[in-house]
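Side chains included, hydrogens not; waters and symmetry mates left out as well; all remaining heavy atoms used. If you read the sequence from its start, that first residue is 1, and numbering goes on from there. One-based numbering, in listed order, for ligands and for the atoms of each.
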Amino acid sequence: MMVSASGFNTEIDASVTARGLHGEAYRGHIFWDELFILPFYNSHYPEISKSLLMYRYRRLNEARKYAKEHGYRGAMFPWQSGSDGREETQTVHLNPLTGHWGEDNSSLQRHVSLAIAYNIYQYVQSTNDWRFFEEYGAEMYLDICRFWASKAKMNNVTGKYSIDKVMGPDEFHEMYPEAKQGGLKDNAYSNIMVAWMLGKVKELTSKMDCVAEENVLMKLQIPYQELLQWESIAKNLNICISEEGIIEQYDGYFKLKELDWQAYREKYENIYRMDRLLKSEGKSADDYKVAKQADTLMTFFNLEKEEVDGIFNKMGVQLPENYLEKNLDYYLARTSHGSSLSRVVHAQLANILNQDELSWKLYQDALGSDFSDVQGGTTGEGIHTGVMASTLVVALSNYAGVNTHHKVLEISPRLPKHWKKMTFGTLHKGCRFHFQITKNHVEIVSDQNSTLKIKGKEIVLVANKKQIIKT
Ligand code: IFM
C-alpha cells in the first residue's frame, strides 16, 4: 500500500506520510495518522510497525528541543514534520473559496505525541516485543509523559489539573471566539488520553527487566517523586461534563452557537468543509458547535469503554449509564466529516453501540473515500493513507469482532446481514491465526499452541490443527 512502509524497507529511515507516496498534498508531511495505520501493521507486519516507531525514536532529540523552545519538559513531537523532525506546520492557510489567506494554528495539535505513546503501547501489547520497549519505546513514552505533565497546571482552588494551549483532533476549533491567540483549554480527548498514558506507566515499567528500567529512569533522570506526581495528575485532570452526560469537547465548547445544519445543507451542495463555507460568509467555525472530525469520540476509538470508565472512576467523574450513546448522537449530529479520518471512527462507535445500519453506512462511505474521491478532488493529490489502513482494521473489529485489548485474542463475530463468509489471518503476540467466519461457525488454525476467546468462551488450540467452533 505504501512504499515507505514495506517489509523490504524496514531499515530505511522513512515513515508513512498522510498521502503515502501517491501525491503531493500536505507536502509529504507526517501527522498523527500512524494511529490509524499501525494497528494493521501490528497484526500483519509488526516489523514495519517497529520501523515506523523507530522513525520517531530517531527524532526524539528534535522533539525534546521543540518542547524546550516552548517552555516544556520532555518530548513534544511536531504536528507536521518531515525528514529532520522539526515542526513544519504551515502558519497561514488558503481558503480556496475566498482566495484569502488566514491564520493557521493547527500546530497546537499536541495530541500527536499522545498518538505516539499510544502506538508504542499497542505495538508492545500486540507483539510482546519488550526488547524494543526497553531499548527505545520506554524512553520515548516516558519523555512524552514528562512533556504532558509539564503542560498540566494545578488549580489551587479546585485541586484539578488543566491543560491549555492545545487543539483537539477537530481542526475546526483553533481558538476561543474573540481570542487573540490560538489554543483551547482542557480538550477532553487529550486530557483523557493523558490520564490513560500516565496511568499506564507503572504497568509498563513493571514489565521491564529491572536493569533496563533503572537505566531508562537514570538516563532521563526521573525521580520516584516525579512518577508519583504523574499518578496524581492522571487522577485529577479536569474533564467538563454537562448535566445530561455530554463530555464537553473542551472547556467552553458548550457556550458556542448551534449551527442551522438544515439551512446549510439546502444552501450548499457539499458542506464537508464547513470552516471554509463559514469563512466565506464572514463567520468562523470557532464560534459554532461544528466539528471536522471525531474529537471527544476519538477516545472511544482508541480505548475500550470499560477502560475509559475506569479512568473516569479514578477521577470521580459521574456519567449516566448510556453516556456513550448520548455522546455519539450529540457529536455525530454536529460533525461535517471534513476529514477522511472521521467516518471510520464513527462507524466503529456505532458498531459498538449496535447501531448496525448507521455503522455500515459510515463504514461504506469511509471505504469509498478514495475510490469515489468523496472530498471532490483531493484523491488526485494522494490517497488518504490513514482511512485506507483503518478500514482494514475496522472491518476486523466491527464484523469479525476482533479485540486485541486483552491478554488473549478475542473474537465475537457479527457479520453484516448480506455477508456469507469472512476469511482473514492475523498475528497476535507472535502467534499466527487464520480464521474463516460464517454465520454459525468459526474455523481457526494457529501456527502455535495457543488460547483465545470466541464470544467470551475460552478455546485452546493445538498448533496447525483446525478447530471448528459453533457460534
Ligand atoms: O492528520 C490529519 C488530520 O487529522 C486531519 N487533516 C488531515 C491530516 C492529515 O491526514
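Heavy-atom contacts of Ala18 reach the following atoms of ligand 1: 9 (C), 10 (O) (cutoff under 4.0 Å). Close approach of ligand 1 to Ser339 is summarised as follows: ligand atoms under 4.0 Å from at least one heavy atom of the residue are 5 (C). Those atoms of ligand 1 with a heavy atom of Leu341 less than 4.0 angstrom away are 2 (C), 4 (O).
If you check which protein heavy atom lies closest to atom 4 (O) of ligand 1, you get Trp32 NE1, 2.8 Å. Here the heavy atom of the protein found nearest to atom 8 (C) of ligand 1 is Phe31 CD2, 3.7 Å. The closest protein non-hydrogen atom to atom 10 (O) of ligand 1 is Asp33 OD2, 2.6 Å. With respect to atom 7 (C) of ligand 1, the closest heavy atom belonging to the protein is Tyr26 OH, 3.1 Å. When only non-hydrogen protein atoms are considered, atom 5 (C) of ligand 1 lies nearest to Glu171 OE1, 3.2 Å.
Under 4.0 Å from ligand 1, not a single heavy atom of His384 appears. The residue Arg19 has no part lying near ligand 1, judged by heavy-atom distances below 4.0 Å.
For an aromatic pair to be called close, the ring centres must be under 6.0 Å apart, and Trp32 with Tyr118 fails this. Aromatic pair Tyr66/Phe77: ring centres not closer than 6.0 Å. Aromatic ring centres of Trp196 and Tyr121 lie closer together than 6.0 Å. Here Tyr176 and Tyr250 bring their ring centres to under 6.0 angstrom of each other.
The pair Arg64-Glu139 meets the salt-bridge criterion, with a side-chain N (NZ, NE, NH1 or NH2) lying under 4.0 Å from an Asp/Glu carboxylate O. The residues Asp356 and Arg414 are annotated as salt-bridged, a charged nitrogen and a carboxylate oxygen being separated by less than 4.0 angstrom. Comment: Arg131 does not engage Glu134 in a salt bridge, judged by the lack of any side-chain N to carboxylate O separation of less than 4.0 angstrom.
Taking any N or O of Gln109, backbone or side chain, none lies under 3.5 Å from an N or O belonging to ligand 1.
Under a 4.0 Å heavy-atom criterion, Trp79 is in contact with ligand 1. Contact annotation: Lys292 has at least one heavy atom less than 4.0 Å from an atom of ligand 1.
Remark: the Asp170 side chain and the Gln293 side chain contain no N/O donor-acceptor pair separated by less than 3.5 Å. For the residue pair Asp13 / Tyr55, no side-chain donor-acceptor distance below 3.5 Å is found, with atom types taken as modelled.
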